Amino acid sequence: MKEKLYVESLLLKRNVEDLRDLALNPEEYYISIQDNQEDAINLLKSLKELRDEKTLFYVDGLIFIKFGWKVIIPYGFWDEISSLWPYLINLIEDYQIEGKAQCSFPNQPITLEITKLDSRFLLFSVDDNKIKIDEQYFISTLLTAAEDYFTFLHKAIGEFDSFEINRITKLKAHIT
């Protein structure tokens, strides 16, 4: 049986003071936009009300990635999620042009890297966590999750990032 790539966007709902507790009880810290959409929408709306409308809207969260049983982006690797998704889209864009790409998280010293291994497989690494995975499957799954995130953001608070959606659409068209 083929191992499944699991990608989930999670919003950080409270401050993290204990990384061990976060690892043991992630549901106490994160809300899934897929599994708990109503709670995630309410969280975003309440955060937006607290902030000045003239400033950009930032929210901490996590793009949790797991391949089979191997966690690639663990619960402790959160960052500003509305910036992290575009960073991942840039990574895929650069990879499709160069056959390799690297970047860091927006506000943490965590390195993301994609390297083409052969005509079918790539190596995706986040710090020391690495997977060899089918290129088309990986890119398609990641882009669909990115599209889901930006669609959710629009539904939740009315912010529509047509630039990112257009980039995702163009990248999906390059998958052969």
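FYI, the numbering just counts along the sequence from 1. Worth saying up front: this structure is predicted, and the values here are computed from it rather than measured.
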query: Any idea how Y6 and F64 line up, ring-wise: parallel (<30°), tilted (30 to 60°), or perpendicular (>60°)?
result: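 Y6 and F64: perpendicular rings.
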Would a 4.5 Å heavy-atom cut-off, applied to side chains only, mark [X] and [Y] as touching?
{"X": "D60", "Y": "L11", "value": "no"}
{"X": "Y29", "Y": "P26", "value": "no"}
{"X": "N90", "Y": "E93", "value": "yes"}

Give, for atom [atom1] of [X] and atom [atom2] of [Y], the distance between the pair rounded to the nearest 0.5 Å.
{"X": "L112", "Y": "L88", "atom1": "CG", "atom2": "CG", "value": "5.5 Å"}
{"X": "T151", "Y": "I33", "atom1": "OG1", "atom2": "CD1", "value": "9.0 Å"}
{"X": "L91", "Y": "Y95", "atom1": "CG", "atom2": "OH", "value": "10.5 Å"}
{"X": "K170", "Y": "H174", "atom1": "NZ", "atom2": "NE2", "value": "9.0 Å"}
{"X": "T115", "Y": "L122", "atom1": "OG1", "atom2": "CG", "value": "8.5 Å"}
{"X": "L43", "Y": "I31", "atom1": "CG", "atom2": "CD1", "value": "4.5 Å"}

message: Go through it in stages, so that I can follow the logic: the residues are E8 and D35, the test is side chain to side chain contact (heavy atoms under 4.5 Å, CB included), and I'd like the CA-CA distance, side-chain angles, deciding distance and then a yes or no.
response: CA-CA 9 Å; E8 182 178 26; D35 297 337; 3.4 Å; yes
query: Are L117 and Y137 linked, directly or through other ILVMFWY residues, by side chains that come within less than 4.5 angstrom of each other?
result: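 Shared cluster, no.
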query: Applying the 4.5 Å side-chain criterion to the ILVMFWY set and letting contacts propagate, would I131 and L123 be lumped into a single cluster?
result: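 I131 and L123: separate clusters.
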Hey, can you pull the donor-acceptor pairs under 3.5 Å for the side chains in residues 102-110, sequence neighbours left out?
residue : atom : partner : partner atom : Å
N107    : ND2  : D79     : OD1          : 3.0
Q108    : NE2  : W78     : O            : 2.1

task: Any salt bridge (charged side-chain N to carboxylate O under 4.0 Å, His left out) involving residues 123-150? Give me the pairs, sequence neighbours left out, ordered by first then second residue.
output: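 Sorted result for residues 123-150: K116-E135, R120-D134, E147-K172.
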- prompt: If you look only at pairs with a residue in residues 14-29, which of them pass as a salt bridge (charged side-chain N to carboxylate O under 4.0 Å, His left out), with sequence neighbours excluded?
  reply: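 Applying salt bridge (charged side-chain N to carboxylate O under 4.0 Å, His left out) to every pair that reaches into residues 14-29, excluding sequence neighbours, yields nothing.
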message: Could you report the tightest heavy-atom contact between D94 and A101, atom names first, then the distance?
response: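 It is CB-CB, 3.6 Å.
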Heavy-atom closest pair, residues L22 and G76: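 Closest approach of L22 to G76: CD2-CA, 3.8 Å.
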The single option from [options] passing side-chain contact (heavy atoms from CB on, under 4.5 Å) against [X]:
{"X": "L142", "options": "I89, I65, I114, L5", "result": "I65"}
{"X": "S9", "options": "W85, F152, F150", "result": "W85"}
{"X": "I73", "options": "N129, V126, V7", "result": "V126"}

- prompt: Do other residues, nucleotides or ligands put more than 12 heavy atoms under 6.0 Å from the CD atom of Q37?
  reply: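 Correct, the count exceeds 12.
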- request: Determine, step by step, whether L12 and Y30 satisfy the side chain to side chain contact (heavy atoms under 4.5 Å, CB included) criterion, reporting the C-alpha distance in whole Å, the side-chain angles of both residues, the deciding distance to 0.1 Å, and the verdict.
  value: CA-CA 5 Å; L12 192 64; Y30 291 111; 3.6 Å; yes
task: State, without any angle test, whether S82 and Y149 hold a side-chain donor-acceptor pair at a distance under 3.5 Å.
output: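 A donor-acceptor contact under 3.5 Å links the two side chains.
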- request: With side chain to side chain contact (heavy atoms under 4.5 Å, CB included) as the test, would you mind laying out the steps for I72 and K66 before giving the verdict?
  value: CA-CA 5 Å; I72 307 305; K66 182 169 72 167; over 6 Å; no
